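Note that the numbering runs from 1 along the sequence shown for the chain. Ligands are counted one by one from 1 in listed order, and the atoms in each one are counted from 1 as well. Just so you know, these numbers come straight off a predicted model, no measurement behind them.
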Amino acid sequence: AASSMSLLRASRLPSHGLDPEHPLSQEIATVCQQHWDSWGASTEGMELLESDGPLEVYRSCLEQEGAAVDPILARHTVTGVSAREVAEMFWNLQYRLDWERTLDSAPIVLDTLASDTLLLHQIYKRLWPTAQRDSVFWSHIRHAEQRTMVVNCSTEVGAPPLASGRQRMQLNVSLICETELPEGGRLPTERSQLRCRMQYSARVHPGGWAPMAVLRQVAKREYPRFMRRFSGYCVDRVKHMPTRA
Ligand code: 18C
C-alpha cells in the first residue's frame with residue numbers, strides 16, 4: 001500500500017479543461033498540483049483541535065503581518081459514499097447552501113472558465129465585531145483514478161470591486177477524497193462497503209482587521225463542525241442512490 005501511495009503522490013495530474021491561453025490557466029495548474037501532492041501530508045508539530053473516531057482536525061498557528069492565517073488540516077473517513085460523490089457535493093453549487101453555514105447569500109458565478117472550473121464570488125455572514133467579508137476564487141474539480149480533488153483559491157483576475165464596508169478574505173482550500181477499495185480493487189455495489197477518505201486543507205487570510213483570539217476560537221469550533229456537517233450531509237444525500245465510481 002505504501003508503494004502505491006508514493007506512486008500516486010508522484011503522479012502528474014491529468015491536464016484539465018481550461019484553455020491554456022486563459023490568464024488563470026498556469027496558476028490553476030500549479031496550485032492544483034501542490035494540493036494534489038499534499039495527500040497524506042504530515043501533521044507533525046500541528047495542534048490537534050479535535051479528534052473524534054476517524055475525524056481529526058489540526059491547526060498550526062501562523063501569523064502574517066499581524067493577521068492569523070492558521071493553516072488547517074483535517075482528515076475524516078466516512079462510510080456510504082465514494083470520493084467522486086463527496087467531491088461533487090463540495091464543488092457543485094446546487095448543494096452548497098445545504099451544508100455551508102458561513103454564507104450570507106448564495107454564491108455568485110462570475111464566470112464559467114471550463115466545465116470543471118468556476119469563478120465565484122461569496123459573501124459571508126458578519127462575524128461581530130469585524131467587517132463583513134467576501135471572497136473571489138476559482139473553484140476547480142479534478143478526478144484521477146480513485147481520487148477526486150476540489151481546489152478553491154482566491155484570485156484577482158475577474159474580481160469585482162470591493163463593496164464599501166466589506167473586506168476581502170484570501171483563501172486557499174482543498175478537499176481531496178479517495179475511495180477506499182476493498183481487496184480485489186472493485187468498487188463495492190453495497191454502500192455499507194464503500195468508504196471515502198477525505199483530506200481537507202484550508203488557509204484563510206482575513207484580509208483586514210480581525211481580533212486573533214476571536215478568529216482562533218471561531219475556527220476551532222467551526223472547522224470540526226463543517227467536517228461533520230458536510231460529510232454527514234453527503235452520506236445522507238446519496239444513501240438511497242445506486243453507487244457511482
Ligand atoms: O471550505 C469550505 N467552504 C468552501 C465553500 O464555501 C470555501 C470557503 C471557504 C471560506 C472559509 C472561511 C469562512 C470564514 C467566514 C467568516 C465569518 C463566518 C462565521 C460564521 C460562523 C457560522 O472553500 C468550508 C469552510 C468551513 C469554514 C469554517 C469557518 C472557519 C472560520 C475561520 C475563521 C478564519 C477566517 C478569517 C475570516 C475573517 C472573518 C472575520
Side-chain angles (χ1 to χ4, degrees), residues 28 31-32 35 38 47 49-50 55 57-76 86-110 117-142 148-155 162-163 165-177 198-234:
I28 293 175
V31 174
C32 287
H35 282 286
S38 78
E47 172 196 4
L49 285 185
E50 175 115 354
L55 173 66
V57 185
Y58 294 86
R59 157 168 81 188
S60 32
C61 286
L62 180 69
E63 287 166 33
Q64 268 171 15
E65 300 122 29
V69 292
D70 307 348
I72 295 289
L73 196 120
R75 295 210 165 93
H76 200 8
V86 172
E88 181 70 20
M89 286 183 265
F90 188 69
W91 182 77
N92 193 319
L93 295 180
Q94 113 182 53
Y95 308 104
R96 177 106 359 133
L97 294 180
D98 294 344
W99 57 263
E100 178 60 276
R101 308 171 65 248
T102 67
L103 297 182
D104 198 45
S105 47
I108 297 158
V109 180
L110 296 170
T117 316
L118 303 170
L119 185 66
L120 299 177
H121 185 203
Q122 290 196 151
I123 299 164
Y124 300 87
K125 287 178 184 160
R126 186 171 169 232
L127 186 67
W128 188 88
T130 72
Q132 186 174 47
R133 259 60 180 186
D134 75 356
S135 66
V136 177
F137 58 99
W138 49 262
S139 181
H140 179 71
I141 186 165
R142 190 85 62 100
T148 309
M149 171 178 81
V150 176
V151 178
N152 292 336
C153 187
S154 284
T155 181
L162 192 56
R166 247 185 231 150
Q167 285 173 345
R168 187 153 290 168
M169 299 187 310
Q170 303 298 319
L171 55 92
N172 188 352
V173 170
S174 69
L175 177 70
I176 311 175
C177 303
M198 305 160 61
Q199 176 181 295
Y200 174 81
S201 99
R203 212 177 241 258
V204 181
H205 189 290
W209 178 82
M212 246 183 248
V214 174
L215 284 196
R216 290 191 162 138
Q217 198 186 351
V218 173
K220 184 174 179 150
R221 188 184 69 217
E222 292 299 326
Y223 283 110
R225 199 177 263 184
F226 152 69
M227 290 297 289
R228 285 200 183 88
R229 182 179 162 95
F230 172 67
S231 55
Y233 170 76
C234 292

Electrostatic pair Asp104:Lys125 at N-O distance under 4.0 angstrom: no

Polar atom proximity, Tyr223 to ligand 1 (N or O, under 3.5 Å): no

For ligand 1, the portion of Arg126 having any non-hydrogen atom under 4.0 Å away: neither

Under 4.0 Å to a heavy atom of Leu171 - the qualifying atoms of ligand 1, by number: 9 (C), 10 (C)

N or O contact, Gln122 vs ligand 1, cut-off under 3.5 Å: yes

Under 3.5 Å donor-acceptor, Arg133 side chain and Arg166 backbone: no

For the student: nearest non-hydrogen atoms of Arg168 and Ser135, plus distance: CG-CA, 4.4 Å

Val150 side chain near Ser139 side chain, heavy-atom distance below 4.5 Å: yes

Identity and separation of the nearest protein heavy atom to atom 29 (C) of ligand 1: Glu222 CB, 3.4 Å

Nearest non-hydrogen protein atom, atom 15 (C) of ligand 1: Tyr124 CD2, 3.8 Å

Shortest heavy-atom approach to atom 11 (C) of ligand 1 - which of Val204, Asn172, Val150: Val204

Atoms of ligand 1 close to Lys125 [distance to a heavy atom under 4.0 angstrom, numbered from 1]: 17 (C), 18 (C)

Atom 31 (C) of ligand 1: the protein heavy-atom neighbour that sits closest, reported with distance to 0.1 Å: Val218 CG1, 4.0 Å

Tyr200: numbered ligand 1 atoms lying under 4.0 Å from its heavy atoms: 1 (O), 2 (C), 24 (C), 25 (C)

Enumerated ligand 1 atoms positioned under 4.0 Å from heavy atoms of Asn152: 4 (C), 7 (C), 23 (O)

For Val173, the ligand 1 atoms whose distance to one of its heavy atoms is below 4.0 Å: 1 (O), 23 (O)

His35 and Asn172: side chain donor to acceptor below 3.5 Å: yes

Taking atom 34 (C) of ligand 1 as the reference point, the nearest protein heavy atom with its distance: Leu215 CD2, 4.2 Å

Main-chain N/O of Asp98 paired with Arg229 side-chain donor or acceptor, under 3.5 Å: yes

Proximal atoms of ligand 1 relative to Glu100 (non-hydrogen, under 4.0 Å): 2 (C), 3 (N), 4 (C), 5 (C), 6 (O), 24 (C), 25 (C)

Could you list the donor-acceptor pairs under 3.5 angstrom formed between side-chain atoms of residues 212-222 and any protein atom two or more places apart in sequence or on another chain?
from: Arg216; atom 1: NE; to: Asp70; atom 2: OD2; distance (Å): 2.7
from: Arg216; atom 1: NH2; to: Asp70; atom 2: OD1; distance (Å): 2.9
from: Glu222; atom 1: OE1; to: Arg101; atom 2: NH1; distance (Å): 2.9
from: Glu222; atom 1: OE2; to: Arg225; atom 2: NH1; distance (Å): 3.2

Arg96, portion touching ligand 1 at heavy-atom distance under 4.0 Å: side chain

Side chain Trp99, main chain Met89, donor-acceptor under 3.5 Å: yes

Side chain, backbone, both or neither: the part of Phe230 lying under 4.0 Å from ligand 1 by heavy atom: neither

Polar contact flag for Trp99 and ligand 1 (N/O pairs, less than 3.5 Å): no

Polar side-chain atom of Glu100 near backbone of Thr102 as donor-acceptor pair, under 3.5 Å: yes

Kindly list each side-chain donor-acceptor pair under 3.5 angstrom involving residues 199-211, sequence neighbours excluded, with atom names and distances?
from: Gln199; atom 1: OE1; to: Gly40; atom 2: N; distance (Å): 2.9
from: Gln199; atom 1: OE1; to: Arg75; atom 2: NE; distance (Å): 3.4
from: Gln199; atom 1: OE1; to: Arg75; atom 2: NH2; distance (Å): 3.0
from: Gln199; atom 1: NE2; to: Ser38; atom 2: O; distance (Å): 2.9
from: Gln199; atom 1: NE2; to: Ser38; atom 2: OG; distance (Å): 3.4
from: His205; atom 1: ND1; to: Gly207; atom 2: N; distance (Å): 2.9

His205, portion touching ligand 1 at heavy-atom distance under 4.0 Å: neither

Stepwise side chain to side chain contact (heavy atoms under 4.5 Å, CB included) test for Leu175 and Val86: CA-CA 9 Å; Leu175 177 70; Val86 172; 4.1 Å; yes

Side chain to side chain contact (heavy atoms under 4.5 Å, CB included) between Cys32 and Met149, intermediate numbers included: CA-CA 9 Å; Cys32 287; Met149 171 178 81; 3.8 Å; yes

Arg101 N/O under 3.5 Å from ligand 1 N/O: no

Arg126 side chain to Thr130 backbone, donor-acceptor under 3.5 Å: yes

For atom 19 (C) of ligand 1, the protein heavy atom that lies nearest, with its residue and separation: Leu127 CD1, 4.2 Å

Nearest non-hydrogen protein atom, atom 14 (C) of ligand 1: Met169 SD, 3.8 Å

For atom 40 (C) of ligand 1, closest protein heavy-atom neighbour: Thr130 OG1, 3.2 Å

